[in-house]
Amino acid sequence: MSILESKRIVLKVGSALIAPDNQGCRSHHLLGIAQFIVHCRQRGQQVVLVSSGSVAAGRHWFSGKPASVALKKAMAATGQTDMMALWDKLFDFPSAQILLTHADLCQRERYMSIMETIESLLEHDILPIVNENDTVASKELMVGDNDNLAAMIAAASAADSLIICTDVDGLFNKNPSIHADAVRLETVNQINADIHAMAGDAVSDTGTGGMRTKLEAAVKATAQGIDTYIINGFNQESFMQLLDGNNPGTHFVANRARSSSAVLWMKHTAKAKGEVLIAEADDSVNGEQDITLDSVVAVEGDFAVGDTILVRNVNGTKMAKAKSNYSSCLLNYVLTQGSVRQPTSTDEQPLSIISKDNVAML
Ligand code: GLU
């Protein structure tokens, strides 16, 4: 789907565009982006902005100090208001700040609340501007980079397209800053091992993401039916091309065969609270049938009924993410009671610990 056909677009803008010299927010690169958002809205398209840059924007108020984790949180808290003020100045319609962490997205009720809030804002023509809430996010609770956050927000807002701005013209077959003959990939239909190898491990100086996290975001978004574009946000021409229906970067084509949104959320957003281990030779974990207690060799972690868990083969291979019908406490109990594991009559079904509709194969 081209950007012109998209009804709802999530646009991710990175720290380097907001605060290119780490000396506070600069409008220089944002004018073209703001203009793009205005054009989309004029065409009747809805836009959600995921904006990094709070740490980079706040950094200059703490000059000379080494940036400890606590200080980065303080920078984020300071820079976030500057950043919102700048975005707000660029539009003559209201914008709304949404700050959240991975913990909010992992909890189904909070996730639904985020979905509803974004929906209501868009219905009222308000521009949602999302960022990670760095002040409260600990290592375990954070998404960690706004590329993956943007993919999760694109899913939560049922977007058709995700545009991730970066400082290169898309994904290249080799690193374009080293190889003069590097070629940009225009369209990627399948994100396979070769594509991952092309992304390498590059990270940005200003933000936390590199091409690797952008690709992770593309995997998440395309699997959820969202066309994903990686474009050069420093080049105003990119936005003009998008508005002309052209592709200035790399287009990762959406996978149209989608599972239910609850299963997709579990697979791409929720964190596993625990694990069940399956015997190596067991081929009943295939997404087409319930997982029964007979298959389970061990239970790890502490989880409740309805929590997302990881189904792992005893040799360590991650097989599926799934919603457990039982708590870890109960599963551990019945696992130690041999009689519960074996049906006593031929009519008795083995205990279904995960229903097939709640399995997302990995
Ligand atoms: N929440 C971080 C910030 O606003 C962004 C993380 C990232 O760069 O992806 O600075």
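Order of appearance sets the numbers: ligands from 1, and atoms from 1 within every ligand.
- For the pair Val50 and Val10, the tightest heavy-atom approach, listed with the atom from each and the gap, is CG2-CG1, 3.8 Å.
- Looking only at atom types and distance, the side chain of Gln35 has no donor-acceptor partner in the side chain of Gln236 under 3.5 Å away.
- The list of side chain to side chain donor-acceptor pair (under 3.5 Å) pairs with a residue in residues 260-271, not counting sequence neighbours, is empty.
- In terms of polar-atom proximity, Asp145 is not counted as a contact of ligand 1, lacking any N or O under 3.5 Å from an N or O of the ligand.
- Checked by distance only, ligand 1 and Val55 come closer than 3.5 Å through their nitrogen or oxygen atoms.
- A salt bridge does not link Lys7 with Asp160: every distance from a Lys NZ or Arg NE/NH1/NH2 to an Asp or Glu carboxylate oxygen is 4.0 Å or more.
- Residue Ser51 has no N or O atom closer than 3.5 Å to an N or O atom of ligand 1.
- Below 4.0 Å from some heavy atom of Asp134 lie the following atoms of ligand 1, by number and element: 1 (N), 2 (C), 3 (C), 4 (O).
- Side-chain N/O atoms of Asp290 and Thr292 include no donor and acceptor closer than 3.5 Å.
- Test Lys12, His102, Glu216 against Asn148 for side-chain hydrogen bond (donor to acceptor under 3.5 Å, both in side chains) and you get one pass: Glu216.
- Of all atoms in ligand 1, numbered sequentially from 1 with element shown, those under 4.0 Å from a heavy atom of Ser54 are 3 (C), 4 (O), 10 (O).
- Ligand-side atoms of ligand 1 in range of Ser15: 8 (O), range being under 4.0 angstrom from any heavy atom.
- Looking at Asn146 against ligand 1, both its backbone and its side chain come within 4.0 Å, counting heavy atoms.
- Any N or O atom pair closer than 3.5 Å counts here, and Gly144 shares no such pair with ligand 1.
- Not close to ligand 1: Ala76, with no non-hydrogen atom less than 4.0 angstrom away.
- Remark: Phe303 pairs with no residue by the ring pair (Phe, Tyr, Trp, His ring centres under 6.0 Å) rule, at least two apart or across chains.
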